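Quantities reported herein were computed from a predicted structural model and do not represent experimental measurements. When reading the values below, keep in mind they use all heavy atoms of this one structure, side chains included, and skip hydrogens, waters and symmetry mates.
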6 protein chains.
Amino acid sequence: MTLVPLARLMVEPLVRAALLEDLGGAGDLTTDAIVPAGLAARTAMVAREAGVVAGLDLAKLAFALIDPNIAMQVEIDDGATVPTGGVIARVNGPAREILTAERTALNFLGHLSGIATATASIVAAVRGTKAKIVCTRKTTPGLRAVEKYAVRAGGGANHRFGLYDAILIKDNHIAIAGGIAEALRRARAAAGHLVKIEVEIDNLDQLAEALGEGADAVLLDNMSVETLAKAVAIVDGRATTEASGRVTPKSAPALAATGVDLISVGWLTHSAPVLDIGLDFED
Amino acid sequence: MTLVPLARLMVEPLVRAALLEDLGGAGDLTTDAIVPAGLAARTAMVAREAGVVAGLDLAKLAFALIDPNIAMQVEIDDGATVPTGGVIARVNGPAREILTAERTALNFLGHLSGIATATASIVAAVRGTKAKIVCTRKTTPGLRAVEKYAVRAGGGANHRFGLYDAILIKDNHIAIAGGIAEALRRARAAAGHLVKIEVEIDNLDQLAEALGEGADAVLLDNMSVETLAKAVAIVDGRATTEASGRVTPKSAPALAATGVDLISVGWLTHSAPVLDIGLDFED
Amino acid sequence: MTLVPLARLMVEPLVRAALLEDLGGAGDLTTDAIVPAGLAARTAMVAREAGVVAGLDLAKLAFALIDPNIAMQVEIDDGATVPTGGVIARVNGPAREILTAERTALNFLGHLSGIATATASIVAAVRGTKAKIVCTRKTTPGLRAVEKYAVRAGGGANHRFGLYDAILIKDNHIAIAGGIAEALRRARAAAGHLVKIEVEIDNLDQLAEALGEGADAVLLDNMSVETLAKAVAIVDGRATTEASGRVTPKSAPALAATGVDLISVGWLTHSAPVLDIGLDFED
Amino acid sequence: MTLVPLARLMVEPLVRAALLEDLGGAGDLTTDAIVPAGLAARTAMVAREAGVVAGLDLAKLAFALIDPNIAMQVEIDDGATVPTGGVIARVNGPAREILTAERTALNFLGHLSGIATATASIVAAVRGTKAKIVCTRKTTPGLRAVEKYAVRAGGGANHRFGLYDAILIKDNHIAIAGGIAEALRRARAAAGHLVKIEVEIDNLDQLAEALGEGADAVLLDNMSVETLAKAVAIVDGRATTEASGRVTPKSAPALAATGVDLISVGWLTHSAPVLDIGLDFED
Amino acid sequence: MTLVPLARLMVEPLVRAALLEDLGGAGDLTTDAIVPAGLAARTAMVAREAGVVAGLDLAKLAFALIDPNIAMQVEIDDGATVPTGGVIARVNGPAREILTAERTALNFLGHLSGIATATASIVAAVRGTKAKIVCTRKTTPGLRAVEKYAVRAGGGANHRFGLYDAILIKDNHIAIAGGIAEALRRARAAAGHLVKIEVEIDNLDQLAEALGEGADAVLLDNMSVETLAKAVAIVDGRATTEASGRVTPKSAPALAATGVDLISVGWLTHSAPVLDIGLDFED
Amino acid sequence: MTLVPLARLMVEPLVRAALLEDLGGAGDLTTDAIVPAGLAARTAMVAREAGVVAGLDLAKLAFALIDPNIAMQVEIDDGATVPTGGVIARVNGPAREILTAERTALNFLGHLSGIATATASIVAAVRGTKAKIVCTRKTTPGLRAVEKYAVRAGGGANHRFGLYDAILIKDNHIAIAGGIAEALRRARAAAGHLVKIEVEIDNLDQLAEALGEGADAVLLDNMSVETLAKAVAIVDGRATTEASGRVTPKSAPALAATGVDLISVGWLTHSAPVLDIGLDFED
């Protein structure tokens with residue numbers, strides 16, 4: 001699998017802000033006091049637990065923005081699995097600057113690898129089915145683009161990126177419009193020709209209505225496995241089917257077995273725990 | 001308990017960036033297509049699970065930046081506990097603009113309430129002891145100030161905010177300096193008179209050395225409960241004692257029972273799951 | 001027709017930058033020297049030629065950012081037609097501040113109304129056909145979102161907003177992939193479920209290939225009216241059809257008569273002349 | 001002719017914003033899906049019509065900000081004329097990144113070359129007279145500095161850059177002051193010693209008044225050729241004379257023949273059509 | 001005397017940055033710990049020494065950005081003299097927020113009032129002569145616009161604001177051009193019609209050359225009073241004359257007595273001491 | 001002495017803003033008109049008076065941001081003393097770009113070297129005592145971090161950097177709390193374990209109260225030398241002692257002779273005159 005690297009243009013403001021948040025006006029008081037300028041160090045970013053790596057570009061940028069003389073050599077690429085104790089990358093250069101950038105680099109790498117690892121675990125749970133695992137707009141404010149990248153690194157796919165790139169009609173929209181058919185008609189009339197329309201469905205009556213109006217995709221929300229299976233059968237390929245509702249690695253296989261196209265999991269981006277990664281100095 | 005509100009000046013750039021991240025250049029395609037301009041709505045932010053609230057200022061700002069005519073009336077303050085189904089705030093105003101701001105407001109509120117709730121659960125676990133629960137610098141990049149606020153809302157306390165406001169001598173610093181005593185001497189020589197110095201301790205020999213050099217605080221890292229108890233006894237009030245190392249609500253009480261002053265928990269800010277909060281339209 | 005107002009959040013940085021570009025460090029030397037503080041003025045924004053208005057929110061914001069005491073009363077809304085000499089809005093308040101903001105307000109309003117007017121003229125030329133007029137990504141750098149809004153104000157529709165919200169396979173992509181079918185297969189494999197795919201077609205052979213792979217839309221580029229008509233007939237509703245290639249109000253009706261769904265016009269956003277609007281002081 | 005290159009410092013924010021406007025959070029969906037990483041390409045920026053080039057620094061920066069490995073070799077400098085089909089520059093490097101930056105690079109280059117070309121056409125129309133062609137403050141919001149550069153590239157000169165670098169007394173200022181003489185006296189009293197003063201003149205009576213007060217320049221607005229000639233004769237070198245009012249290449253020669261020093265043309269920056277430039281892949 | 005207020009648009013970023021510089025991520029630890037929320041206070045900004053006030057808009061904005069409920073009532077306007085102990089403004093509102101904004105408000109007000117006071121002292125020293133006191137480009141980085149405003153508040157005038165609004169030919173330019181005449185010719189050829197040209201003169205020979213080429217102004221640098229008087233006599237009104245070179249209130253009168261038009265003083269903006277102003281709480 | 005270099009990340013926005021403030025939209029009119037492109041120059045930054053150097057990183061960055069081809073070779077490091085006429089650094093490269101960046105580079109270097117020199121003069125005055133010279137929060141808005149760096153370069157030490165990194169209880173806080181003891185109790189209860197607490201003391205009664213509550217440091221404000229000596233004796237090492245109140249090089253020795261630990265001097269950062277440094281072109 002090849003991952004498209006994140007454009008430096010897009011992530012540099014994030015990394016810069018994170019470093020400045022840690023440096024304040026006084027900088028790294030501890031390191032500046034204790035570590036002599038110019039002292040060279042050889043270090044390794046090591047996984048304290050197994051998982052899928054994501055975010056190396058951001059970690060590399062954190063070091064480079066503090067000092068372009070820090071060389072970071074990647075050993076395990078974004079999207080690949082690191083075992084417990086595995087060396088993800090070697091970071092060599094001036095000890096002082098490495099120590100100053102360390103926490104910011106690790107905060108990005110741990111957070112995004114955590115998302116990739118969580119994604120991979122659900123992806124693995126539905127392997128053999130046609131179901132893709134997708135994320136949602138329930139992301140950490142300011143980090144959506146990189147979190148959606150981490151989901152891809154973990155083998156998942158992305159739902160829409162924001163309010164602006166697709167139409168997703170939810171229950172409140174339907175209530176205001178007075179029904180699914182009317183909501184879909186309004187959406188169709190306003191949508192550009194490259195904008196797809198998905199509609200949230202709570203029951204099988206609504207499903208018929210949505211299919212009748214030609215929805216591109218239906219979000220089958222919080223349905224039992226049985227109802228979901230029925231819904232997928234009714235759709236019969238006329239629209240993309242998406243299941244959602246507090247999905248876990250445990251519940252995912254049964255959902256996937258219904259033949260649903262997509263399973264969306266908000267948990268990937270709003271609640272996945274960090275992957276524990278440390279920086280070890282070598283002798 | 002009274003929480004000091006977050007300065008609008010500090011959080012406005014975060015909220016603004018999060019909204020723009022969701023709006024892109026085209027705005028809310030769905031809502032603009034379906035919801036008539038000027039339609040009024042009465043809505044409530046409701047907890048889908050019990051927890052401690054944090055981040056209301058950011059949610060309020062998300063609505064206000066989209067439309068100052070949206071009125072958000074807080075029912076349960078930051079730092080207070082909301083039961084499952086409890087109404088945290090009422091949000092009234094134009095339906096279109098409420099729907100557009102909804103996800104950003106909830107993403108902030110859910111993330112920060114998740115941190116507050118996780119903090120409160122560990123704080124509760126050590127109630128009756130003198131131990132305070134503190135967070136670390138393992139925070140989500142860009143969100144440190146508000147995440148540390150959420151820790152306070154959950155009843156915890158804050159460790160240093162960055163590299164710039166205190167000295168924390170870690171293992172790598174000690175190795176480079178050639179020992180704890182030398183590291184502490186260098187730190188003391190460079191530190192301003194209002195800068196405290198803490199040093200990471202791995203064993204009781206190091207502890208004696210640190211106390212001999214007058215460290216203000218000692219970070220007792222990854223010690224067994226027995227060793228920790230011994231260390232606290234040795235310190236005997238001469239320095240602040242802090243225990244750390246993958247602390248959980250389960251392991252915290254035994255640590256706290258040693259009489260340690262502080263227990264630091266990285267998990268609060270890097271891995272706490274979101275508190276599930278939704279926005280319900282009322283009839 | 002109701003236009004969704006531009007989110008202040010999205011346009012404020014543009015207006016702020018434009019005002020600062022005009023103010024420099026010294027401000028409005030002329031007005032500050034000549035016009036007494038506090039002098040009140042009643043002025044009107046008057047069209048020197050007929051056209052369609054767009055950009056009132058930006059003009060209003062230009063005045064408000066200089067002085068919130070300037071009141072701008074809109075007489076002719078965005079999307080409506082103003083005759084030569086017609087009053088678009090009345091701007092009352094302190095004379096000094098009105099004069100300082102005048103040029104920035106008019107630059108936005110004239111530029112966007114020029115786009116709306118150009119759009120309306122082509123829309124009128126194809127009235128009675130099913131063809132929609134759409135814009136392209138050939139926009140003025142930094143102003144895409146507001147220019148696309150102006151196109152909507154003129155009765156046109158928007159193509160994709162950027163590289164990020166839809167797939168448009170062009171000749172260079174096809175050449176690199178080794179053919180339309182392979183390019184479409186790669187695109188389909190990578191695309192999210194809400195991402196549509198359009199492909200540029202230069203001849204009828206390519207068209208068959210694209211339809212065979214299920215393209216959502218085909219961009220029929222620089223075809224003669226005859227070929228275009230054949231292409232539309234071949235497609236027969238299986239994909240959205242878009243005609244492009246130096247379209248003018250003169251050439252548009254014949255293109256539209258072929259039954260094509262969309263006619264895209266780069267000229268709307270990259271070359272439409274300004275609508276001449278002035279600010280008149282009233283006695 | 002040597003053009004002073006635009007300071008990278010000044011234009012980088014514009015180019016960066018334009019690229020991000022096109023990339024959004026998801027990046028270039030099409031290219032990332034279809035074009036293999038690392039594939040090399042040789043391309044040329046080719047003029048589809050003849051004109052004067054301007055903006056190469058911005059195009060180069062667009063490529064460099066996406067990937068510093070893209071090499072852009074200029075063949076025809078800013079300020080020089082390119083024939084139809086002429087190669088302006090060669091752009092070699094990774095195909096994927098070239099394609100991603102292409103539209104932004106071309107949008108800048110086409111827009112600024114359009115302004116330079118329009119300028120050159122009016123400059124040519126008045127060749128042999130002493131009249132210089134100058135631009136106005138009617139520029140595209142946010143792009144004034146680069147548009148004024150493009151005017152210079154086309155052989156024109158710049159009027160003031162903003163409200164801050166010279167005094168230009170217009171009809172509304174005169175009306176508020178109660179006359180040209182009083183307006184000029186107020187301006188003179190406030191102006192720094194390096195600030196010149198120009199005043200807008202509608203008739204020959206006003207002209208006498210302005211000369212009596214020692215205006216540095218007079219803006220002879222919307223006068224007939226006959227009146228303009230009289231005005232220039234009356235001024236007789238005592239002030240710089242500037243003609244304005246919907247000047248076109250057709251009307252310019254007669255204006256220039258009056259001996260006026262400057263002819264200002266708002267059209268250059270607010271309505272010049274783009275110069276059509278494309279990017280061709282070479283085999 | 002009426003001072004044009006500083007545009008909020010121009011100074012808000014400066015005030016915002018200064019406040020954030022003081023607040024960091026943790027805010028005002030002292031005040032938040034000690035001062036109860038909602039406690040009201042009545043305070044006064046009091047001059048600890050006599051001087052000329054400048055910068056009230058920035059101080060007011062500092063309070064307003066922290067809390068719009070803080071009311072600042074100005075007693076002594078910018079440009080007016082405050083005696084020792086005089087109340088410049090009253091600041092009433094929530095005690096906590098006033099204390100948090102206090103230092104930033106005073107830092108701006110003290111710095112700018114210091115410049116105004118220094119200016120006023122030299123202006124007073126040359127009263128009765130025609131000499132105006134002007135500032136230079138030797139300003140504090142980032143604060144030029146407001147420092148030049150403070151010079152005006154002190155009764156001085158402004159030299160050019162930057163490299164962009166006038167031509168000032170200095171010794172290095174002359175050396176590179178090979179002489180004053182050639183430098184002036186190059187400058188004249190390139191200058192827009194509203195751009196004045198000043199040239200630095202070290203001796204009387206250069207002066208003749210400059211006048212011969214029609215310089216608008218001559219900067220008579222570091223001349224003795226006698227030479228300066230001769231130079232002014234030679235110029236005899238044909239150009240603006242400016243004296244410079246480590247001018248002090250003591251040396252200024254003799255310079256002014258030569259009849260020179262302007263005396264420029266870098267010290268006003270790069271070395272004027274702060275005016276001591278405090279904030280007193282009232283009972 | 002080794003000074004920790006300023007992180008480029010922290011100072012680049014300051015240098016960038018200062019350059020843009022000088023360049024405006026039109027750039028360096030004078031140099032662009034007169035100096036040929038590509039002309040090479042060898043120049044030296046020379047001290048016109050003796051002092052301590054500070055700010056070389058910022059000067060270097062000013063040149064580099066205008067043109068990375070400018071090479072700046074430091075001869076006298078930050079923190080070292082330069083004699084009158086001494087060469088601080090050699091700056092070689094394109095003449096045009098050097099001239100354009102010159103003033104910004106010198107404004108930073110002169111301002112910060114002025115602070116370092118002022119600091120060094122007071123540090124020298126108290127040599128032989130244990131007193132350290134420290135700065136305050138009375139800094140130039142926006143420049144605090146670099147000004148505090150300059151104080152260190154001059155041999156001084158830093159007080160707290162802002163409201164966020166230590167607690168300093170002042171008279172108004174004490175009045176609101178109802179006394180020193182209560183203020184200290186509130187501060188202690190809220191302070192993190194790495195936050196020190198200092199309290200302002202006006203008389204010896206207050207001092208006893210502060211020591212009784214265990215203040216980490218006492219700010220002995222505006223005391224006579226006799227009272228100060230008594231206070232220092234009373235404290236007897238139980239807290240850090242700081243003297244303040246319009247300290248000058250003249251008054252400092254007597255204060256230092258009392259045995260006080262710190263002498264804080266606001267004048268260093270709010271009123272130190274610039275160190276006069278020029279840029280000389282060499283033949």
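For the atom pair E:F108 CZ and F:T140 OG1, the distance stands at 10.0 Å (nearest 0.5 Å). Between the CZ atom of F:R48 and the CZ atom of E:R246 there is a distance of 8.5 Å, given to the nearest 0.5 Å.
For the set F:A17, F:G25, F:A26, F:G142, the count of heavy-atom pairs under 4.5 angstrom toward chain E peaks at F:G142. Comparing E:L106, E:D280, E:I169, E:L20 by how many heavy-atom pairs each has under 4.5 Å with chain F, the most go to E:I169. Between chain F and the options E:F161, E:Y164, E:W267, heavy-atom pairs under 4.5 Å are most frequent for E:Y164. When each of F:A166, F:A145, F:A189 is checked for heavy-atom pairs under 4.5 Å with chain E, F:A166 comes out on top. Each of E:G27, E:A191, E:A190 has some count of heavy-atom pairs under 4.5 Å with chain F, and the biggest count is that of E:G27.
Judged purely by atom type and a 3.5 angstrom limit, F:T30 uses its side chain to pair as donor or acceptor with the backbone of E:L168.
Using a 4.5 Å cut-off between heavy atoms, E:V15 makes no contact with chain F at all. Neither the backbone nor the side chain of E:R185 comes within contact range of chain F; no heavy atoms are under 4.5 Å apart. With a 4.5 Å cut-off on non-hydrogen atoms, E:R188 does not touch chain F at all. For chain F, the nearby part of E:N172 is the side chain; its heavy atoms alone come within less than 4.5 Å. Residue E:L14 does not touch chain F at all, counting heavy-atom pairs closer than 4.5 Å. Both the backbone and the side chain of E:T31 have a heavy atom closer than 4.5 Å to some heavy atom of chain F. Looking at E:L143, both its backbone and its side chain come within 4.5 Å of chain F, counting heavy atoms on both sides. Using a 4.5 Å cut-off between heavy atoms, F:T43 makes no contact with chain E at all. Contact of E:D276 with chain F is made through the side chain alone, with heavy-atom distances under 4.5 Å. If you measure heavy-atom distances from E:A183 to chain F, the contacts under 4.5 Å come from both the backbone and the side chain. For E:T139, the parts sitting under 4.5 Å from any heavy atom of chain F are the backbone and the side chain alike.
Put simply, the side chain of F:D22 reaches to within 4.5 Å of the side chain of E:R137, judged on heavy atoms. In this structure, E:S271 and F:H111 have side chains that are not in contact, with every pair of non-hydrogen atoms separated by 4.5 Å or more. Taking 4.5 Å as the limit, every side-chain heavy atom of F:E182 sits out of range of all side-chain heavy atoms of E:I34. In this structure, the side chains of F:F281 and E:I176 come closer than 4.5 Å at one or more pairs of heavy atoms. Side-chain contact between E:N107 and F:H270 is absent, with no heavy atoms from C-beta onward closer than 4.5 Å.
Residues F:A33 and E:R186 approach most closely at O-CB, 3.5 Å, considering heavy atoms. Taking each heavy atom of F:R144 and E:E21 in turn, the nearest pair found is N-OE2, 2.8 Å. When all heavy atoms of E:P141 and F:A18 are compared, the closest pair comes out as CB-CB, 3.8 Å.
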Inset, instruction - Go through E:K138 and F:V274 one step at a time and tell me if the side-chain contact (heavy atoms from CB on, under 4.5 Å) criterion holds. - result: CA-CA 10 Å; E:K138 295 179 181 174; F:V274 86; over 6 Å; no

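A side-chain contact (heavy atoms from CB on, under 4.5 Å) with F:L163 is found for exactly one of E:L19, E:D28, E:D32, namely E:D28.
A 6.0 Å sphere centred on NZ of F:K196 holds more than 12 heavy atoms belonging to other residues, nucleotides or ligands.
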